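Here the structure is a predicted model, which is why all the values come from computation and not from measurement.
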Amino acid sequence: MSNLVPRPLSVRTLGRRASLSDGMVVSSDPACAGVADLLANELESATGWRISRGGPEASSPAGTVRLRISSEFGGGAPAVRAGVAGEGYRVPAGPAGVAGEGYRLVSSEDGVEVVGAAPAGVFYGTRTLLQLLPADLHRAAPPGPTGAVEVEGVEVTDVPRFGWRGVHLDVARHFFPKNFLLRLVDLASFHKLNMLHLHLTDDQGWRFQVKRYPRLTEVGAWRRESPVGHYREGKKDGKPHGGFYTQADLAEVVAYAARRFVTVVPEVDMPGHMQAAIAAYPELGNTGKQFEVLTTWGISEDVLNMEESTVAFCSGVLNELMDVFPSPYIHIGGDECPTVQWEASERAAELCRERGLAGPKDLQGWFTARVAETVAKRGRSLVCWEEVLDAGAPAGCVIVPWRAETALSVAERAAASGHRVVMAPEPWLYFDWSYADDPAEPVAIRPAISVEKAYSLEPVPEGMPAEQEVMIAGAQCQLWTEYVATPEHAEYMYFPRVCAFAETVWSSRERSWPEFEPRLAAHLARLDALGVNYRPLAGPTPGQARVWPA
Ligand code: ACM
């Protein structure tokens with residue numbers, strides 16, 4: 001049935017089809033006119049038709065797609081959690097679904113009607129409508145004249161299982177052009193994903209323009225050379241790499257994403273993974289030494305010092321970040337922060353004594369609490385990787401469990417102590433791992449997450465009590481980019497695993513790989529039309545097999 005991905009809650013076949021053709025109209029309530037306009041633009045590009053936009057009463061003999069907001073639609077009962085609403089943004093809730101993201105779509109001889117309790121739901125209904133059209137209509141322009149298009153007669157009722165349906169991209173290890181971020185928003189929202197987490201800074205590069213600290217991008221955005229091949233081989237390419245986004249670039253991505261109901265969650269990783277910043281401003285470090293942006297993969301021991309002046313620096317960065325990103329969630333990383341330099345530092349010992357801390361291992365918790373104040377002052381919620389739960393997690397902080405060995409137990413501990421949780425466990429959701437343990441695959445950090453393995457994710461840890469389960473806001477897939485240097489390669493690593501992931505966070509718990517696999521195979525025709533460099537289910541094409549530069 002229609003091979004929809006992700007699978008809706010229910011699909012019922014109706015007898016009669018809708019027909020759309022040149023001169024059709026998209027009619028809408030004023031509240032969802034933005035969604036109507038987007039859909040009309042997309043259909044115009046795909047078909048070459050002239051499509052009118054009209055108010056709720058508009059219709060056309062050439063076909064009508066009617067978009068409507070109705071509070072009667074049950075899928076949209078607001079499930080907003082206290083204290084996390086951001087202006088104009090929907091709020092990820094618990095597993096019962098999310099305010100306004102559900103919809104009902106009916107196509108029949110009267111045309112197509114999409115009803116949601118809020119514009120977000122109407123938007124997702126239009127994504128389903130696009131999948132009901134022939135795959136060729138996912139092209140940017142029609143290969144020839146487009147005749148009337150039949151839409152099969154169905155009633156689709158749908159609501160997401162989770163509110164946080166995320167895609168993460170590391171733009172620090174390799175810089176990706178702004179246009180790829182826009183493309184990723186298109187592809188993610190097409191699969192009904194709603195969060196784009198940008199990992200903007202790391203030891204190997206700083207990508208976010210900070211006006212008060214220009215050296216962060218003048219110095220921190222560039223590295224002299226990069227590893228080539230697997231890091232174990234110890235080879236370097238001898239070529240400079242870098243780039244950064246201006247604040248205007250990122251504001252553009254945020255606006256583009258908002259129109260597609262995607263929240264862009266920015267991450268500035270601190271107090272570890274900060275070598276690029278310390279290369280730009282050595283006074284942030286512990287040694288006073290001048291060094292360069294890291295040219296190897298792995299974790300630098302050069303972490304931030306814990307002076308008040310460093311907290312002020314980080315607050316300045318976060319305030320500019322919050323000027324650019326309206327997201328209710330601000331990610332401060334907090335993963336993999338070695339304490340060796342603090343342990344060796346007289347000054348760190350003195351700071352611990354002044355602050356009444358038992359020792360250097362308590363410094364990260366102290367630091368996190370301080371930067372959390374900056375984020376809380378602007379009414380935003382903090383997001384941190386799982387390590388912060390041990391270092392000391394501020395109340396209200398969202399925890400992202402990721403390590404293979406600990407993610408499930410961390411999720412339980414975090415939920416039990418009142419933190420919302422976004423699942424990102426490596427063995428299912430680290431899409432920088434190869435698809436198969438096969439030398440035909442491009443070089444990757446390690447094997448292997450097949451599409452079937454990605455599909456087998458169950459975001460709620462087994463046996464979790466109901467009162468904790470509501471704290472699981474959703475999940476996100478990660479693409480770390482030590483081994484991924486181009487948009488084409490990134491698409492390969494994401495797709496079709498992202499299609500499988502989308503179903504784990506959108507669709508109901510009752511699903512099966514044998515039912516999904518043929519549906520996915522049919523869905524790939526849409527990715528073909530969209531020009532996505534996905535990995536075929538049978539394995540890489542000869543051209544994809546060695547995408548890493550020689
Ligand atoms: C991580 O993979 N260091 C979050």
Quiz item: With no hydrogens and no angle check, is any side-chain donor or acceptor of Arg173 less than 3.5 Å from a backbone partner on Gln204?
Solution: no

Quiz item: Do Phe367 and Cys314 touch side chain to side chain, with heavy atoms closer than 4.5 Å?
Solution: yes

Exercise. State whether the side chain of Arg497 and the backbone N or O of Met493 hold a donor-acceptor pair below 3.5 Å, judged by distance alone.
Key: yes

Practice problem: Give a yes or no answer on whether the side chain of Asp302 reaches the backbone of Ile278 with a donor-acceptor pair at less than 3.5 Å. | Solution: no

Self-check item: Val185, Val254, Val167 screened by side chain to side chain contact (heavy atoms under 4.5 Å, CB included) with Val262, the one that passes
Solution: Val185

Self-check item: Donor-acceptor pair, side chain of Tyr430 and main chain of Ala404, under 3.5 angstrom
Solution: no

Quiz item: Hey, mind stepping through Glu267 and His199 against side-chain hydrogen bond (donor to acceptor under 3.5 Å, both in side chains) and telling me if it holds?
Solution: CA-CA 5 Å; Glu267 177 190 356; His199 182 79; 2.7 Å; yes

Practice problem: Apply side-chain contact (heavy atoms from CB on, under 4.5 Å) to the pair Cys397 and Val383, showing each step before the final yes or no. | Solution: CA-CA 6 Å; Cys397 165; Val383 186; over 6 Å; no

Quiz item: Any side-chain heavy atom of Thr263 sitting closer than 4.5 Å to one from Asn194?
Solution: no

Quiz prompt | Within-4.5 Å side-chain heavy-atom neighbours: Pro447 and Ser434 | solution = yes

Practice problem: Give a yes-or-no answer on whether the side chains of Ser456 and Trp513 include a donor-acceptor pair shorter than 3.5 Å. | Solution: no

Quiz prompt | Flag side-chain contact, heavy atom, 4.5 Å: Pro496 against Leu520 | solution = yes

Quiz item: Are Arg403 and Glu426 ion-paired here, with the side-chain N under 4.0 Å from a carboxylate O?
Solution: no

Quiz item: Hey, would you say the Tyr455 and Phe516 ring centroids sit under 6.0 Å apart?
Solution: yes

Exercise. Could you tell me which residues satisfy side chain to side chain donor-acceptor pair (under 3.5 Å) with Thr368, sequence neighbours excluded, listed by chain and number?
Key: none

Quiz item: Does a donor on one side chain and an acceptor on the other come within less than 3.5 Å for Thr126 and Tyr103?
Solution: no

Quiz item: After noting the C-alpha distance and the side-chain angles of Asp432 and Gln478, does the key distance pass the side-chain hydrogen bond (donor to acceptor under 3.5 Å, both in side chains) rule?
Solution: CA-CA 7 Å; Asp432 56 329; Gln478 327 326 291; over 6 Å; no

Exercise. Decide whether Arg378 and Asn319 meet the rule of one side-chain donor and one side-chain acceptor closer than 3.5 Å.
Key: yes

Quiz item: Taking the inter-plane angle between the rings of His174 and His241 on a 0 to 90° scale, is it parallel (under 30°), tilted (30 to 60°) or perpendicular (over 60°)?
Solution: perpendicular

Quiz item: Are side-chain heavy atoms of Phe313 and Leu216 found at a separation under 4.5 Å?
Solution: yes

Quiz item: Would you find more than 12 non-hydrogen atoms of other residues, nucleotides or ligands less than 6.0 Å from Tyr256 atom OH?
Solution: yes

Exercise. Let me know which of Trp206, Phe208, Phe175, Phe180 forms a ring-ring contact (aromatic ring centres under 6.0 Å, His included) with Tyr245.
Key: Phe175

Practice problem: Measure from NZ or CZ of Arg355 to the centre of the six-membered ring of Trp366 and say whether it is under 6.0 Å with the direction within 45° of the ring axis. | Solution: yes

Practice problem: Drop me the distance from Arg260's CZ to Leu193's CG, to the nearest 0.5 angstrom. | Solution: 15.0 Å

Quiz prompt | His168 side chain to Cys477 backbone, donor-acceptor under 3.5 Å | solution = no

Quiz prompt | Within-4.5 Å side-chain heavy-atom neighbours: Trp428 and Ile449 | solution = no

Self-check item: Phe495: partners by ring-ring contact (aromatic ring centres under 6.0 Å, His included), with sequence neighbours left out
Solution: His191

Practice problem: Would you check, one step at a time, whether the test side-chain hydrogen bond (donor to acceptor under 3.5 Å, both in side chains) holds for Thr310 with Asn305? | Solution: CA-CA 7 Å; Thr310 298; Asn305 67 41; 2.5 Å; yes

Quiz item: His197 pairs by ring-ring contact (aromatic ring centres under 6.0 Å, His included) with which of Tyr329, Trp164, Phe325, Trp385?
Solution: Trp385

Exercise. Taking the side chain as every heavy atom from C-beta outward, state whether Leu4 and Pro6 have any pair of such atoms under 4.5 Å apart.
Key: no

Quiz prompt | Atom CZ of Arg509 with >12 non-hydrogen neighbours under 6.0 angstrom | solution = yes

Practice problem: Give a yes or no answer on whether the side chain of Ser507 reaches the backbone of Arg7 with a donor-acceptor pair at less than 3.5 Å. | Solution: yes

Quiz prompt | Full working for side-chain contact (heavy atoms from CB on, under 4.5 Å) between Val460 and Phe162 | solution = CA-CA 10 Å; Val460 176; Phe162 292 103; 3.9 Å; yes

Self-check item: salt bridge (charged side-chain N to carboxylate O under 4.0 Å, His left out) assessment of Glu458 paired with Arg161
Solution: CA-CA 12 Å; Glu458 166 45 48; Arg161 182 172 170 213; 3.0 Å; yes

Exercise. Determine, step by step, whether Asp362 and Trp342 satisfy the side-chain contact (heavy atoms from CB on, under 4.5 Å) criterion, reporting the C-alpha distance in whole Å, the side-chain angles of both residues, the deciding distance to 0.1 Å, and the verdict.
Key: CA-CA 10 Å; Asp362 290 345; Trp342 296 342; over 6 Å; no

Quiz item: Got a sec, which residues hit ring-ring contact (aromatic ring centres under 6.0 Å, His included) with His273, two or more places apart in sequence or on another chain?
Solution: none

Quiz item: Under 3.5 Å, side chain of Ser409 to main-chain N/O of Thr406, donor-acceptor pair present?
Solution: yes

Quiz prompt | Gap separating the CG atom of Leu200 from the CG atom of Leu169, nearest 0.5 angstrom | solution = 9.5 Å

Quiz prompt | Pairwise side-chain contact, Val5 with Lys192, heavy-atom cut-off 4.5 Å (strictly under) | solution = no

Self-check item: Ser226 versus Arg223, side-chain donor and acceptor atoms under 3.5 Å
Solution: yes

Quiz item: Would you say Asp269's side chain and Gly334's backbone share a donor-acceptor pair under 3.5 angstrom?
Solution: yes

Quiz item: Can a donor-acceptor pair be found between the side chains of Glu441 and Tyr492 at a distance below 3.5 Å?
Solution: yes

Quiz prompt | Intermediate values then yes/no, side-chain contact (heavy atoms from CB on, under 4.5 Å), Leu357 and Leu363 | solution = CA-CA 7 Å; Leu357 303 175; Leu363 282 167; 3.7 Å; yes

Quiz item: Looking just at side-chain N and O atoms, do Asp203 and Gln275 make a donor-acceptor pair shorter than 3.5 Å?
Solution: no

Practice problem: Please check if any side-chain donor atom of Glu387 sits under 3.5 Å from a side-chain acceptor atom of Trp402, or the reverse. | Solution: yes

Quiz item: Does a salt bridge link Lys361 with Glu343, judged by any charged N lying under 4.0 Å from a carboxylate O?
Solution: yes

Quiz item: For the residue pair Phe501 and Phe431, does the interplanar ring angle fall in the parallel (under 30°), tilted (30 to 60°) or perpendicular (over 60°) class?
Solution: perpendicular

Quiz item: Quick check, are the ring centers of Tyr483 and His230 under 6.0 angstrom apart?
Solution: yes

Quiz item: Hey, are Asp170 and Arg207 close enough for a salt bridge, meaning a charged N less than 4.0 Å from a carboxylate O?
Solution: no

Quiz prompt | Geometric cation-pi criterion, Arg165 with Tyr124: 6.0 Å, 45° | solution = yes

Practice problem: Verify the distance criterion only: is there a donor paired with an acceptor across the side chains of Asn533 and Gln544 at less than 3.5 Å? | Solution: yes

Quiz item: Would you call Arg519-Glu515 a salt bridge at under 4.0 Å N-O?
Solution: yes

Quiz item: Take atom CD in Glu301; do more than 12 heavy atoms of anything else shown fall under 6.0 Å from it?
Solution: no

